Amino acid sequence: MPLRVPKAPRPIGRLLREFDLALASGAVATSERLLREIKAFGGISHENVAFLEIRRLFQLGKDEEVLAHASLPSLIYVEPPRLVREGVLAAWGRVNLARPLPTGDIDGALAAITTAKPDVAMLVDSSVASTTDPDASTVCALVALIRKEDSLTEVLAANLAVDPDLRARLVPSSQGSVDEADPVSETSIPESVTGPDRPATQAPIDSWLDWVGRLNSAHGLQLDGGQTLMWTPAWQVDSQLADAIDAVPEVATDDLLSGVAALLEADDLGRPAARTAEALLRRYLVAERFSPFDLGAICALLEIFLRGGPPPEAYREVLGDLSDFADRWVAIRSATRAIDLADAVVCGPVVDSRTRANFVTTLLSPLNQQRHRLPESLRKLASLVTDDIKLDYDWTIAASDPVEQPSDRNTASGRILLYSLDTGSLARVKKTIDFQWPNVQVEVSSALDGNASLKQHARNADLIVLATKRATHAATGFITANAQGALIRYADGSGSASLLRSVELGFADLHA
């Protein structure tokens with residue numbers, strides 16, 4: 001008799017969408033599991049599997065591993081997706097170049113890119129030259145100086161992300177045409193994809209509104225990785241895009257939600273597309289999508305919505321709708337996500353105190369009733385959340401409870417570095433660690449790139465925890481390069497509970 005399969009395999013297209021969503025929402029452990037599942041399932045080419053691996057390594061800041069990938073020498077000749085090309089170029093720049101470039105060392109950098117192995121210059125064209133990544137754009141500028149290609153030089157001379165001294169050398173060769181340079185003018189996006197090979201006849205799309213508009217047809221279009229980075233940002237067309245999303249028919253929900261990963265990838269921390277996030281949140285609820293992958297996306301969309309400073313009516317509607325569906329997914333196995341959502345609301349704008357308190361109560365009350373099943377660190381974090389809004393919840397459990405594990409508060413020691421751009425989450429996690437492990441020294445950082453202080457913290461740390469959803473590639477790559485024997489762990493999300501859970505698991509491995 002053949003062996004029984006306990007779970008039916010999921011379609012490869014669904015696995016790829018979930019992988020993109022996990023990467024975009026910072027769910028690192030989840031993306032690793034999905035990548036293993038994709039490899040086991042098969043159905044996509046070796047090149048596309050390698051694209052997925054490189055994208056994930058780049059997201060984690062593992063520049064050395066990106067450049068050492070066994071398939072890289074051959075992949076640079078097959079027109080990889082834009083995100084892959086940017087990742088490889090940025091990784092090469094951080095590993096091989098000093099930033100900013102020393103004034104007198106530009107010729108040395110030109111020599112380095114000329115002799116680079118593999119030949120990363122093959123990845124540079126006018127489309128990737130419009131990148132906002134300072135490391136990738138600087139490598140592109142070096143290639144432009146070597147090639148003396150007018151169209152490439154014009155794009156890079158207008159790109160403010162390029163190293164200033166290097167950009168000054170580009171400008172003389174493009175005098176009179178810089179003002180006319182258009183980074184996205186008539187530039188086609190390569191048809192290489194990060195999933196199964198798609199038809200070469202797929203019509204190009206050039207904006208968020210164009211993409212959503214095509215979802216009304218029978219043939220919705222999937223978004224390729226990095227394709228949306230050349231479009232007008234979502235926050236500039238927020239109202240129109242939200243209205244267009246609301247008008248998408250229910251039968252196109254799958255295609256619509258498959259684009260959430262691209263929206264999260266292009267999210268601007270300082271300028272959120274709040275109404276768009278609100279419209280997508282409604283779609284998740286109407287479709288009743290509450291898998292672990294979907295909960296990560298819901299958490300990320302809620303953070304975007306709150307960053308936009310919503311009006312009272314929208315605030316009450318969104319939190320009320322989320323509360324109505326909480327009984328479908330709130331459980332001990334999803335406690336981390338529930339605390340992340342509650343903490344995001346507590347740390348967000350106080351638009352309506354009663355609605356905020358009701359939301360937190362709905363999410364955390366079921367967990368409080370089963371608090372003996374939660375680890376002490378999550379109970380303490382939940383206590384901080386409820387105390388902030390004056391909810392009288394008791395998160396302690398009896399010392400004789402058989403489920404409670406012996407505490408290591410008095411014996412644990414070491415140094416931990418926490419990195420995230422979300423300073424509120426960092427503060428909460430640090431406070432919890434100080435209570436849980438008083439002998440542990442905690443350093444936090446939200447630097448946008450490398451500096452002397454961050455280098456020292458990375459070198460001294462025994463455990464480093466990174467939140468990739470709230471991070472810059474320059475900072476994560478810098479931390480990884482300077483970690484001298486430290487155990488590096490990645491939060492499976494960007495909230496306080498996700499960070500703390502990674503600290504707890506990493507600390508357990510460190511003292512195993």
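All values reported here derive from a predicted model rather than from experimental measurement.
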> What residues, two or more places apart in sequence or in another chain, satisfy side-chain contact (heavy atoms from CB on, under 4.5 Å) together with Ala481?
Replying inline: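 Partners of Ala481 under the side-chain contact (heavy atoms from CB on, under 4.5 Å) test: none.
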> Between Ser420 and Asp422, do the side chains contain an N or O donor and an N or O acceptor separated by less than 3.5 Å?
Replying inline: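 No pair is found: no donor N or O on one side chain lies under 3.5 Å from an acceptor on the other.
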Ignoring hydrogens and angles, tell me if any N or O in the side chain of [X] forms a donor-acceptor pair with the backbone of [Y] under 3.5 Å.
| X | Y | result |
| --- | --- | --- |
| Asp63 | Val95 | no |
| Asp135 | Leu89 | no |
| Asp267 | Ile304 | no |
| Asp238 | Thr276 | yes |
| Ser137 | Pro134 | yes |
| Tyr284 | Ala297 | no |
| Arg283 | Ile245 | yes |
| Thr472 | Ala475 | yes |

Do [X] and [Y] come within less than 4.5 Å of each other through their side chains, counting heavy atoms only?
| X | Y | value |
| --- | --- | --- |
| Arg56 | Leu35 | yes |
| Ile44 | Leu52 | yes |
| Val128 | Glu86 | yes |
| Val143 | Glu149 | no |
| Thr131 | Arg82 | yes |
| Val124 | Arg147 | yes |
| Phe58 | Leu23 | no |
| Tyr77 | Met122 | yes |

>> Tell me whether the count of non-hydrogen atoms from other residues, nucleotides or ligands lying under 6.0 Å of CD in Glu64 goes above 12.
In response: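 Atom CD in Glu64 is not crowded, with 12 or fewer foreign heavy atoms closer than 6.0 Å.
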Going by an N to O cut-off under 4.0 Å, is there a salt bridge joining [X] and [Y]?
| X | Y | answer |
| --- | --- | --- |
| Arg17 | Asp254 | no |
| Arg307 | Glu303 | no |
| Asp343 | Arg428 | yes |
| Asp255 | Arg214 | no |

> Can Ile433 and Leu418 be said to form a side chain to side chain contact (heavy atoms under 4.5 Å, CB included), step by step?
Replying inline: CA-CA 11 Å; Ile433 293 174; Leu418 305 176; 4.1 Å; yes
> What pairs of residues pass the side chain to side chain donor-acceptor pair (under 3.5 Å) test when at least one of them lies in residues 454-465, not counting sequence neighbours?
Replying inline: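 Residue pairs passing side chain to side chain donor-acceptor pair (under 3.5 Å), neighbours aside: Ser453-His457.
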>> Could you go through Asp294 and Ser291, starting from their C-alpha distance and side-chain angles, then the distance that decides it, and tell me whether this counts as side-chain hydrogen bond (donor to acceptor under 3.5 Å, both in side chains)?
In response: CA-CA 5 Å; Asp294 296 321; Ser291 71; 2.9 Å; yes
>> Does Arg169 form a salt bridge (Lys or Arg N to Asp or Glu O under 4.0 Å) with Asp107? I'd like the steps, not just the answer.
In response: CA-CA 11 Å; Arg169 291 186 59 169; Asp107 291 335; 3.4 Å; yes
> Looking at Gly87 and Val66, what are the two nearest heavy atoms and their distance?
Replying inline: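 Shortest heavy-atom separation between Gly87 and Val66 comes out as O-CG1, 4.5 Å.
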> Which atom names give the shortest non-hydrogen contact between Ala24 and Ala261, and what distance separates them?
Replying inline: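 Minimum heavy-atom contact is CB-O, 3.3 Å.
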> Going through the checks in order, is the side-chain hydrogen bond (donor to acceptor under 3.5 Å, both in side chains) test met by Asp492 and Thr30?
Replying inline: CA-CA 7 Å; Asp492 201 33; Thr30 303; 3.0 Å; yes
> Going through the checks in order, is the side chain to side chain contact (heavy atoms under 4.5 Å, CB included) test met by Asp133 and Thr138?
Replying inline: CA-CA 9 Å; Asp133 187 299; Thr138 296; over 6 Å; no
> If you round to the nearest 0.5 Å, how far is OG1 of Thr228 from CG of Leu83?
Replying inline: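 Those atoms lie 7.5 Å apart.
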> Going from CZ on Arg85 to CG on Leu75, what distance comes out if it is rounded to the nearest 0.5 angstrom?
Replying inline: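 So the gap between those two atoms works out to 13.0 Å.
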>> Walk me through whether Trp231 and Asp210 qualify under side chain to side chain contact (heavy atoms under 4.5 Å, CB included).
In response: CA-CA 10 Å; Trp231 296 350; Asp210 183 22; over 6 Å; no
>> Please determine whether salt bridge (Lys or Arg N to Asp or Glu O under 4.0 Å) holds for the pair Arg33 and Glu37, giving the CA-CA distance in whole Å, both sets of side-chain angles, and the decisive distance to 0.1 Å.
In response: CA-CA 6 Å; Arg33 290 195 300 270; Glu37 194 171 347; over 6 Å; no
>> If you apply the rule side chain to side chain contact (heavy atoms under 4.5 Å, CB included), what do you find for Val465 with Tyr490, and how did you get there?
In response: CA-CA 5 Å; Val465 176; Tyr490 301 89; over 6 Å; no
